[in-house]
Novice: 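Shown below is the structure under consideration.
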Protein chains: 2
Amino acid sequence: MKQLTPAEESYLKVIYHISEGGKRSVSTNDISFKMKTKPASVSDMLRRLGEKEVIEYRKYYGVNITETGKKLALQTIRKHRLWEVFLVEKLRFSWDEVHEVADELEHIRSKLLIQRLDEYLGFPKFDPHGDPIPDEFGDVRARPRVALSDLEVNTTGQIVAVKDSSAAFLRYLDKVGAYIGARIKLLEKVEFDGSVEILVDNKKTIFMSKDVAGNVLVML
Amino acid sequence: MKQLTPAEESYLKVIYHISEGGKRSVSTNDISFKMKTKPASVSDMLRRLGEKEVIEYRKYYGVNITETGKKLALQTIRKHRLWEVFLVEKLRFSWDEVHEVADELEHIRSKLLIQRLDEYLGFPKFDPHGDPIPDEFGDVRARPRVALSDLEVNTTGQIVAVKDSSAAFLRYLDKVGAYIGARIKLLEKVEFDGSVEILVDNKKTIFMSKDVAGNVLVML
DNA sequence: TAACTTTTTTAGACAAATCAAAAAATAATT
DNA sequence: AATTATTTTTTGATTTGTCTAAAAAAGTTA
Ligand SMILES: [Mn+2]
Ligand SMILES: [Mn+2]
Ligand SMILES: [Mn+2]
Ligand SMILES: [Mn+2]
């Protein structure tokens with residue numbers, strides 16, 4: 001019985017994402033925050049996910065995702081990101097509009113659909129936010145990336161992803177003219193507040209607060 | 001409260017389709033057959049749909065769809081058919097593979113998605129089975145069509161739709177070489193069993209049983 | 001009209017997903 | 001270590017969607 005319901009898939013995806021954030025065990029509260037549900041609902045869901053053996057659940061001590069759980073989560077993430085590419089590349093959505101729709105589309109269950117979509121999109125390796133798209137076996141080829149805020153002055157690089165992909169943040173980046181693929185050079189870093197000044201495509205200078213720069217990921 | 005759940009949308013769509021089939025009131029049994037659920041489940045759903053005023057429900061006497069119900073059903077049908085076009089035109093699905101996937105995709109709720117999909121597909125007027133795609137206001141421009149079995153000998157026409165769009169039937173049509181858009185001429189009609197012989201694209205002759213011909217729709 | 005058949009509804013149960021309120025366990029602080 | 005604060009789980013309810021079995025209504029036939 002490895003078949004998950006849409007809700008279970010969503011919870012598992014969230015658990016996977018929090019796990020990847022480095023922390024050892026994932027807490028009920030963290031999940032409830034990300035899922036926008038109450039902790040009581042989470043406890044209930046954890047019991048079910050535990051029964052299906054996609055997580056290891058020790059009451060009061062949080063959860064750890066299992067290997068099968070990880071595989072399943074990566075399949076959902078793959079679908080989510082492929083749909084995001086579709087929405088942006090083919091339907092002219094902007095990168096801040098795709099997330100909610102992809103959150104629905106990711107639960108459509110058809111192997112053929114995803115294979116064909118992947119092919120149709122030209123087997124993309126990254127989604128509109130620069131996140132890697134797992135292959136059909138759940139393998140992700142991650143590229144080394146560093147926060148813009150951690151760069152040293154005069155270093156050059158390329159914006160490859162964003163850490164925060166909330167609509168508000170993405171629209172802000174649009175406004176200031178930062179985008180995935182942009183060639184950048186760190187011109188100045190203010191000691192006082194950690195804010196930075198960067199040169200984009202050898203043309204335009206942008207100022208960013210430390211907070212913003214910390215959510216922009218760069219490949220050297 | 002005009003928002004329907006996916007299940008409610010599916011029931012309503014089925015009720016709409018049966019209604020269009022000419023019958024006055026739609027029976028619980030007919031719905032249960034099409035929905036592949038038990039009559040008891042249907043009764044329950046009819047109560048809910050009645051409360052939401054998308055159908056008029058008189059216990060024991062079947063249901064009639066209301067005007068608002070019709071509007072909503074047509075929106076779901078629009079989405080279903082647009083997705084079918086997408087699957088066939090863009091993802092190389094064959095016309096017998098699209099139905100189940102479209103039945104899932106049709107419930108994705110995003111106005112923008114459907115607008116953009118429509119635009120991306122070039123505002124198609126018919127789906128892969130020749131059925132008309134309602135516009136965003138629920139208007140359908142139906143074209144006059146007649147069953148191949150009702151044609152007179154020597155009449156010419158064009159195959160524009162199928163009445164039965166089960167995978168088995170569609171694959172059979174593929175096998176014999178009948179397709180939407182084919183120019184045909186009725187060569188012979190056997191009195192004995194109602195079977196017909198047709199000429200396709202002035203090239204190939206096909207034999208069809210009365211049953212098959214009755215499910216192929218032609219425009220003169 | 002009465003008896004039988006078919007259809008439909010009701011009653012009672014269950015699984016999934018959610019919540020609020022209360023209880024229990026764990027963590028933090030004096 | 002005892003008290004307080006926080007987190008997590010439990011309990012009990014609710015909604016949606018489904019089922020089986022039983023009851024009721026409608027339709028058909030003799
Ligand atoms: Mn996303
Ligand atoms: Mn993304
Ligand atoms: Mn269909
Ligand atoms: Mn169709």
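Just the heavy atoms: all of them, side chains too, but no hydrogens, waters or symmetry mates, feed the values below. Letters A, B, ... are given to chains in the order of the sequence lines, protein chains preceding strands, and every chain is numbered from 1.
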Novice: Show your reasoning for whether side-chain contact (heavy atoms from CB on, under 4.5 Å) applies to A/Val216 and A/Phe169.
Specialist: CA-CA 10 Å; A/Val216 175; A/Phe169 182 63; 4.1 Å; yes
Novice: Could you check whether A/Ala7 gets within reach of a base, just the sugar-phosphate, or nothing at all, counting any heavy atom under 4.0 Å?
Specialist: sugar-phosphate
Novice: Under 4.0 Å from a heavy atom of chain A: give me the 5'-most and 3'-most nucleotides of DNA chain D that qualify.
Specialist: D/dT7 to D/dT10
Novice: Round to the nearest Å and state the distance from B/Lys59 atom NZ to C/dA11 atom C1'.
Specialist: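 Result: 13 Å.
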Novice: Looking across every strand, which nucleic acid part, if any, lies under 4.0 Å from B/Thr28 by heavy atom: base, sugar-phosphate, or nothing?
Specialist: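 It contacts sugar-phosphate atoms only.
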Novice: Check every strand shown and say whether A/Thr37 touches a base, only sugar-phosphate, or nothing at a heavy-atom separation below 4.0 Å.
Specialist: sugar-phosphate
Novice: Rounded to whole Å, please give me the gap between NZ in A/Lys36 and P in C/dA17.
Specialist: 19 Å
Novice: Would you say C/dA17 has OP1 or OP2 under 4.0 Å from some side-chain N or O of A/Arg48?
Specialist: yes
Novice: Nearest nucleotide by nearest heavy atom, which residue falls closer to the 5' end of DNA chain C, A/Lys38 or B/Tyr57?
Specialist: B/Tyr57
Novice: Under a 3.5 Å cutoff, is there a donor and acceptor pairing between the side chains of B/Thr76 and B/Tyr16?
Specialist: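 The answer is no; no qualifying pair exists.
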Novice: Distance only, no hydrogens: is a donor on one side chain within 3.5 Å (strictly under) of an acceptor on the other, for B/Asp193 and B/Ser195?
Specialist: yes
Novice: To the nearest Å, how far apart are B/Met45 CE and C/dT9 C1'?
Specialist: 16 Å
Novice: Between P on C/dT6 and CZ on B/Phe33, what's the gap in Å once rounded to a whole number?
Specialist: 18 Å
Novice: Which is more 5' along DNA chain D, the nucleotide nearest B/Tyr61 or the one nearest A/Ser27? Just name the residue.
Specialist: A/Ser27
Novice: Give a yes/no answer on whether the side chain of A/Thr5 brings an N or O atom under 4.0 Å of OP1 or OP2 in C/dA17.
Specialist: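 Answer yes for this pair, as a side-chain N or O of A/Thr5 is under 4.0 Å from OP1 or OP2.
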Novice: At what distance, to the nearest 0.5 angstrom, does CD of A/Glu84 lie from NZ of A/Lys79?
Specialist: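 Output value for this atom pair is 14.0 Å.
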Novice: So, B/Ser27 and B/Asn29: side-chain donor and acceptor under 3.5 Å apart, yes or no?
Specialist: no
Novice: So, is the end of the A/Lys90 side chain (NZ or CZ) under 6.0 Å from the ring centre of A/Tyr120 and within 45° of the ring's axis?
Specialist: yes
Novice: Could you state the CG-P distance from A/Asp44 to C/dA20, rounded to the nearest angstrom?
Specialist: 15 Å
Novice: Establish, from distance only, whether the side-chain atoms of B/Ser94 and B/Asp96 form a donor-acceptor pair under 3.5 Å.
Specialist: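 Judged by distance alone, the side chains do pair up.
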Novice: Has B/Asn29 got a side-chain N or O lying under 4.0 Å from the OP1 or OP2 atom of C/dT6?
Specialist: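 No, no such contact exists.
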Novice: Tell me the interatomic distance from B/Leu46, atom CG, to C/dT9, atom C1', rounded to whole angstroms.
Specialist: 11 Å
Novice: 5'-most contact on DNA chain C: A/Tyr60 or A/Pro39, nearest heavy atom basis?
Specialist: A/Pro39
